[in-house]
Protein chains: 2
Amino acid sequence: MTTKKVTLTDVAERAGVSTTTASYILNGRSAEMRISADAERRVREAVAHLGYRPNRNARSLRTRTTSTFGVISDFVASGHFASQMLAGASAAARASEHLLVIGETQGDPALEHLLIEEMLDRQVDGIVYATLTSLEVRVPAELKRLRTVLLNCVDPTTNIPAVLPDEYAGGRTAAGVLLDAGVTGEIHVIGEDPTPNALAGPGRLEGIRARLAEAGRSVTSVVPCHWGVEDAYDAVDAWLRRGARPAGLLCLNDRIAMGTYQALAGNGLHVPRDVSVVSFDGSELATWLRPRVVSVALPFNELGARAVQALVDPGWADVGTVRLPMPLAPGGSVRSPAVGARG
Amino acid sequence: MTTKKVTLTDVAERAGVSTTTASYILNGRSAEMRISADAERRVREAVAHLGYRPNRNARSLRTRTTSTFGVISDFVASGHFASQMLAGASAAARASEHLLVIGETQGDPALEHLLIEEMLDRQVDGIVYATLTSLEVRVPAELKRLRTVLLNCVDPTTNIPAVLPDEYAGGRTAAGVLLDAGVTGEIHVIGEDPTPNALAGPGRLEGIRARLAEAGRSVTSVVPCHWGVEDAYDAVDAWLRRGARPAGLLCLNDRIAMGTYQALAGNGLHVPRDVSVVSFDGSELATWLRPRVVSVALPFNELGARAVQALVDPGWADVGTVRLPMPLAPGGSVRSPAVGARG
DNA sequence: CTGTTAGCGCCTTCAA
DNA sequence: TTGAAGGCGCTAACAG
């Protein structure tokens with residue numbers, strides 16, 4: 001039973017109507033066109049019997065719309081981040097009957113250009129331009145002529161809609177956790193973002209500073225280190241050996257938190273008894289530490305979903321820059337008044 | 001300068017030739033058709049000048065091929081695994097001028113069915129059916145009528161080509177590391193795969209057993225636990241408290257290794273001085289542990305790439321089941337003769 | 001209410 | 001070596 005291609009014509013024939021009528025019915029315009037109930041019944045029967053499926057390609061040629069969005073991102077691979085954005089985007093796309101075609105540029109502008117063209121050739125209805133980490137970017141010129149939404153990045157030179165996490169508010173949240181817990185000793189920040197054009201680190205730090213200032217406190221020091229586990233371990237270990245005695249630590253991401261945990265343990269310091277720790281990202285890693293580290297989470301799923309929604313939005317052009325809140329993932333890494341959950 | 005849609009006709013007109021000629025030239029058939037060098041030059045000039053790009057949709061309607069593959073997977077989101085497969089697949093797709101359209105089923109058969117139909121409606125040239133973890137599956141019937149390749153799963157009831165990691169060989173590798181290092185005491189396995197139809201755990205265990213048997217050794221015990229960090233911690237901690245004194249530990253994945261590390265540390269056991277540890281997956285997590293745990297890696301990128309290559313392969317139907325080797329990711333978790341790298 | 005007709009943009013047979 | 005013409009499957013004026 002090699003299912004032959006069934007066309008609208010076949011359906012119309014079997015139902016004894018014209019393709020026009022069949023087309024109207026299948027596009028839900030039977031009421032509008034006042035198609036007879038009987039014709040409709042016959043067409044639907046034919047569709048079911050023949051197993052007819054419309055050829056979207058042919059339809060697209062006519063309608064100039066493909067129900068497909070393109071997603072251009074620098075890295076689809078690294079960590080569960082980009083992929084969670086994809087998952088959110090994918091779900092949102094389905095909600096509006098779209099499919100996603102993806103392209104990974106690996107940060108290569110030439111490849112990026114190529115992929116964008118490929119997508120345009122396929123007549124995608126819009127493009128989500130995403131970066132793995134929050135970045136200030138200059139989008140390729142061709143995107144400016146299209147229905148585009150930036151995901152996890154912004155281009156200050158254009159007013160293309162953009163969706164990204166509210167890092168500043170996240171920073172405030174993190175600092176607030178320490179304050180609410182009554183941490184009175186020194187509060188330090190671990191990790192300074194070395195990536196050029198990165199938005200996360202500066203935003204978080206700014207939020208932290210602002211919140212502390214409101215309480216008449218301040219960041220005692222910022223320990224610089226790259227955002228990797230080993231980097232953080234090395235930096236924090238050296239720092240502790242030099243005699244640092246922090247009461248609260250704000251790690252700018254979960255990998256830093258992990259390295260920090262290792263360094264604290266190595267120096268006989270216990271979390272949260274001796275030191276309270278709050279982190280950022282809210283990745284799985286945060287839940288793997290003992291005790292689980294309180295982490296201000298990146299809402300990746302929502303980011304992806306929101307970006308696609310912006311693409312679908314009739315008011316797309318005026319969406320502007322959307323900043324999504326970073327929810328708090330609970331843990332046992334902060335002393336006293338508690339932020340719930342198992343440690 | 002709102003770039004108007006430029007068609008082949010426009011190009012032909014400007015070049016002073018027929019669309020036929022232009023089409024031949026743009027499809028690289030000018031030699032075959034013995035088109036005059038001058039006509040070719042003029043057409044290329046017109047293309048460049050007009051910024052012409054072929055409408056692949058229109059082309060597809062004619063050629064019945066879309067240069068697009070579909071990827072159906074249960075979870076695109078969870079961890080960096082599926083996404084690495086995607087990255088590999090994406091790169092391989094580009095190599096053969098294809099783009100990927102993705103669909104995440106979340107394990108829901110109804111949704112799966114829907115997504116497959118959506119892809120078929122868009123006339124994809126083939127479908128990669130992927131699972132996040134190695135699984136024995138029953139593929140939906142409709143896929144059997146298509147150019148499909150299974151990724152990270154197999155369906156023993158069909159002979160659809162499949163690409164997955166060679167877990168058995170991986171198990172042998174892991175056991176070999178311990179043997180080569182001269183570990184003479186008890187060797188235990190941590191983690192027994194509770195997932196029904198899972199392939200990874202059983203395959204790895206079988207390989208481990210086989211390799212040890214060859215050396216006249218055997219697995220002293222298999223400590224059962226779910227494949228999560230906390231599960232492993234709890235199980236291993238309790239087990240150690242009961243007096244276990246392992247010399248070598250084979251953790252069935254990296255998360256288990258992490259929990260195991262925590263439990264060992266909590267019981268005053270040092271890696272690798274007191275216990276040698278080897279793990280599976282080769283995820284980033286493996287590199288974050290101190291010392292870095294030796295891990296038999298899942299070649300996710302290659303898996304994805306190979307799957308797409310199989311789809312492109314003219315001999316697709318006869319690809320059969322491909323098992324890719326699991327390379328060893330070095331670390332400092334095994335005593336003596338060393339497996340290179342920083343700990 | 002339904003059918004006729006004309007493309008969407010491209011490829012390709014056939015004839016010149 | 002090139003051009004004219006038909007059609008892929010579908011939608012949408014425009015008649016009836």
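A, B, ... follow the sequence lines: proteins, then strands. Residue 1 opens every chain.
- Salt-bridge check for A/E45 with A/R14: passed, with a basic side-chain N closer than 4.0 Å to an acidic carboxylate O.
- For B/A89, the side chain to side chain contact (heavy atoms under 4.5 Å, CB included) test picks out B/L100, B/V308, with sequence neighbours left out.
- A/N55 has its CG atom 8 Å from the C1' atom of D/dC8, to the nearest Å.
- For the side-chain hydrogen bond (donor to acceptor under 3.5 Å, both in side chains) test, no residue two or more places apart in sequence or in another chain qualifies with A/D74.
- Heavy-atom distances to DNA chain D give each of B/A58 and B/S18 a nearest nucleotide, and the one nearer the 5′ end belongs to B/S18.
- Within 4.0 Å of B/N57, counting heavy atoms only, lies no atom of the nucleic acid at all.
- Residue B/I25 contributes atom CD1, which lies 12 Å from atom P of D/dT1 at whole-angstrom precision.
- For the segment residues 62-70 of chain A, residues with any heavy atom less than 4.0 angstrom from an atom of DNA chain C are, sorted by number, A/R62, A/R64.
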Return a table of donor-acceptor pairs under 3.5 angstrom between the side chains of residues 312-323 of chain B and protein atoms on other chains or two or more places apart.
| unit_1 | atom_1 | unit_2 | atom_2 | d |
| --- | --- | --- | --- | --- |
| B/D313 | OD1 | B/G315 | N | 2.6 |
| B/W316 | NE1 | B/T148 | O | 2.9 |

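- Each end of the helix from C/dC1-D/dG16 to C/dA16-D/dT1 gets its own axis from five base pairs, and the two axes differ in direction by 40°, given to 10 degrees.
- The span of DNA chain C lying next to chain A, judged by atoms under 4.0 Å from heavy atoms, is bounded 5' to 3' by C/dC1 to C/dG9.
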Contacts table for residues 29-36 of chain B: side-chain donor-acceptor under 3.5 angstrom, sequence neighbours left out:
| unit_1 | atom_1 | unit_2 | atom_2 | d |
| --- | --- | --- | --- | --- |
| B/R29 | NE | B/E32 | OE1 | 3.4 |
| B/R29 | NH2 | B/E32 | OE2 | 3.3 |
| B/S30 | OG | B/E40 | OE1 | 3.0 |
| B/S36 | OG | B/A39 | N | 3.1 |

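- Within residues 34-41 of chain B, the residues having any heavy atom under 4.0 Å from DNA chain D are, by residue number, B/R34, B/I35, B/S36, B/A39.
- Protein atom CG of A/N27 is 13 Å distant from nucleotide atom C1' of D/dG9, rounded to whole Å.
- Across every non-hydrogen atom of B/L164 and B/N152, the tightest pair is CB-CA, 3.9 Å.
- By the 4.5 Å heavy-atom criterion applied to side chains, B/P54 and B/L26 are not counted as neighbours.
- Proximity of residues 115-122 of chain A to DNA chain C (heavy atom under 4.0 angstrom from any strand atom) is not detected for any residue.
- The backbone N or O of A/S60 sits nowhere less than 3.5 Å from a side-chain atom of B/N57 that would complete a donor-acceptor pair.
- For residues 35-69 of chain B, the set of pairs meeting the ring pair (Phe, Tyr, Trp, His ring centres under 6.0 Å) definition, not counting sequence neighbours, comprises B/F69-B/H98.
- When rounded to the nearest whole Å, the span between CD of B/E13 and C1' of D/dT2 equals 17 Å.
- With respect to the salt-bridge test (charged N to carboxylate O, under 4.0 angstrom), the residues B/D38 and B/R42 qualify.
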N/O donor-acceptor pairs under 3.5 Å from side chains in residues 111-127 of chain A, not counting sequence neighbours:
| unit_1 | atom_1 | unit_2 | atom_2 | d |
| --- | --- | --- | --- | --- |
| A/E112 | OE1 | A/Y129 | OH | 2.9 |
| A/H113 | ND1 | A/E142 | OE2 | 2.7 |
| A/E117 | OE1 | B/R53 | NE | 3.4 |
| A/E118 | OE1 | A/R122 | NH1 | 2.6 |
| A/E118 | OE1 | B/R56 | NH1 | 3.4 |
| A/D121 | OD1 | B/R53 | NH1 | 3.2 |
| A/D121 | OD2 | B/R53 | NH1 | 2.7 |
| A/R122 | NE | B/T68 | OG1 | 3.0 |
| A/R122 | NH1 | A/E118 | O | 3.2 |
| A/R122 | NH2 | B/S67 | O | 2.5 |
| A/D125 | OD1 | A/T66 | N | 2.9 |
| A/D125 | OD1 | A/T66 | OG1 | 3.2 |
| A/D125 | OD2 | A/T65 | OG1 | 3.4 |
| A/D125 | OD2 | A/T66 | N | 3.4 |
| A/D125 | OD2 | A/S67 | N | 2.8 |

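- A/D10 places a side-chain N or O within 3.5 Å of a backbone atom of A/T7 that can act as its donor or acceptor partner.
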Verdict with supporting geometry, B/T20 and B/S23, side-chain hydrogen bond (donor to acceptor under 3.5 Å, both in side chains): CA-CA 5 Å; B/T20 313; B/S23 174; over 6 Å; no
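- Between A/S134 and A/A200, the shortest heavy-atom contact is CB-N, 4.0 Å.
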Short heteroatom pairs, N/O only, protein and nucleotides 13-16 of chain D, under 3.5 Å:
none

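- Look at CG on B/L61: it is 7 Å from P on D/dG9, rounded to the nearest Å.
- Taking atom CZ on B/R59 and atom C1' on D/dG7, their separation rounds to 17 Å, with Å as the unit.
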